[in-house]
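Remarks on the structure that follows.
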Number of protein chains: 2
Amino acid sequence: MNEIEVFRKYVKESGLRNTPEREVIIEEIFLTHDHFDVDTLYLCLKNKKCSISKASIYRTIPLLIESGLIKEVFFEDGHMHYEHVLGHEHHCHFRCLGCGKIIEFKEDEVMDIEKKCSESYGFEVTGHKLELFGYCRECLKKEGKDRKVSTIDRVDVD
Amino acid sequence: MNEIEVFRKYVKESGLRNTPEREVIIEEIFLTHDHFDVDTLYLCLKNKKCSISKASIYRTIPLLIESGLIKEVFFEDGHMHYEHVLGHEHHCHFRCLGCGKIIEFKEDEVMDIEKKCSESYGFEVTGHKLELFGYCRECLKKEGKDRKVSTIDRVDVD
DNA sequence: ATTATTATTGAGAATCTATTGCAATAATAA
DNA sequence: TTATTATTGCAATAGATTCTCAATAATAAT
């Protein structure tokens, strides 16, 4: 099943209605593997002349999350950022505090943590969000120039 | 060093000025180990008659993050939530999708992931944010009653 | 101590994100 | 084909955060 078929199935099972607007949104989101936010998605569609109101985009987002097509990845610059899940292998995010760049990387060990957490605490873990932050190779080279490091890196707690 | 001393040091080194308002904010935050958000902090201080304007709280938050005293933990209900770091042992968060409850739990394995990431990709990792989500023991008991589960739990990708 | 400099404060205005009300439209079922 | 009602777009609204600006107060200099 591709993303459109998944959504049609979800819509039918939930007693909702499918619309061309929603399919246009889904198609746009799945064009790339990049993160997106509501505003860029809106502008992107506007430029392509398949303009869709922001209200409709905002109303569609929860449906896409609910149907498992997309997920929230991080909140930045005052708004949420999303990425599509279907067809996009699971990964974590590394955020460079120097240049702001987001780098995806694979990591299977989190599954172990999920499992351990399930067993130790009796939770049913259905997903996770892991973000590492620090400085990327490029910013480390510039060393201290553009690097904004907290003056207090380590604090002695008595 | 306690939180006030850490902040005074940070302020001095950054060429800023310390104020009684900022120290009141810090003291309030460090009174408990709970998560907090700007609005509850504001109301809390207001009730204690040490009222401080929201603008000042908003302006102080980035300084507290920068000085390593607090960190963002999650964005929920339309605003950011924070917790203090100094004196609060590192931990991860489990969010129950059934009742919305946040549960803290200890997990050391993430450090291994940090290390592996540093070595494989040449990053300098300074921190992380791990959030697991799913259903807590209580919600699992109620099984399917209040549980809001996506209709599509697993999707066959061809 | 006193004075000068300028960061900080508080109040409210402004901005930005996200949600909602409503009339018109259009997707589904009958 | 018709009836029902979810969805759309627009505008109004709510809520969070930032900004403006005059008054205040923390530090440095004298």
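Letters A, B, ... are given to chains in the order of the sequence lines, protein chains preceding strands, and every chain is numbered from 1.
A centroid separation of 6.0 Å or more is found between the aromatic rings of B:H81 and B:H35. In this structure, B:F94 has its ring center no closer than 6.0 Å to that of B:F133. Residues B:F123 and A:Y135 keep their aromatic ring centres 6.0 Å or farther apart. The six-membered or imidazole ring of A:H33 lies away from that of A:H91, with a centre-to-centre distance of 6.0 Å or more.
With a heavy-atom cut-off of 4.0 Å to chain A, the contacted part of DNA chain D has its first and last nucleotide at D:dT4 to D:dC10.
The distance from atom CG of A:L41 to atom C1' of C:dT17 is 15 Å, rounded to the nearest whole Å. Put simply, CE on B:M80 is 14 Å from C1' on C:dT17, counting in whole angstrom units. Distance NZ (B:K46) to C1' (C:dG10): 13 Å, rounded to an integer number of Å. Between B:L63 atom CG and C:dT8 atom P the separation is 7 Å, expressed in whole Å.
Here the side chain of B:T40 pairs no donor or acceptor atom with the backbone of B:F36 at under 3.5 angstrom. Side-chain atoms of B:R22 never come within 3.5 Å of backbone atoms of B:I57 as a donor-acceptor pair (strictly under, hydrogens ignored). A distance-only check finds no donor-acceptor pair linking the side chain of A:S14 to the backbone of A:L16 [under 3.5 Å].
Looking only at side-chain heavy atoms (C-beta outward), B:L64 and B:I25 come within less than 4.5 Å of each other.
A salt bridge does not link A:K115 to A:E119: none of the charged nitrogens lies less than 4.0 Å from a carboxylate oxygen.
Contacts between residues 19-29 of chain A and DNA chain D, counted as heavy-atom distances below 4.0 Å, involve A:T19, A:E21, A:R22.
Residues A:H90 and A:E104 bring no donor and acceptor atom of their side chains to less than 3.5 Å of each other.
Computed from C1' positions of five pairs at each end, the angle between the two local axes of the helix from C:dA1-D:dT30 to C:dA30-D:dT1 equals 40°, rounded to 10 degrees.
The aromatic rings of B:F75 and A:F75 sit parallel to each other, their planes meeting at less than 30°, with 60° as the upper class boundary.
Residue B:D39 is out of contact with every strand shown, counting any heavy-atom pair closer than 4.0 Å.
Comparing A:I57 and B:V38 along DNA chain D, the residue whose closest nucleotide (by nearest heavy atom) sits nearer the 5' end is A:I57. For the pair B:K54 and B:R17, nearest-nucleotide mapping onto DNA chain D gives the more 5' position to B:K54.
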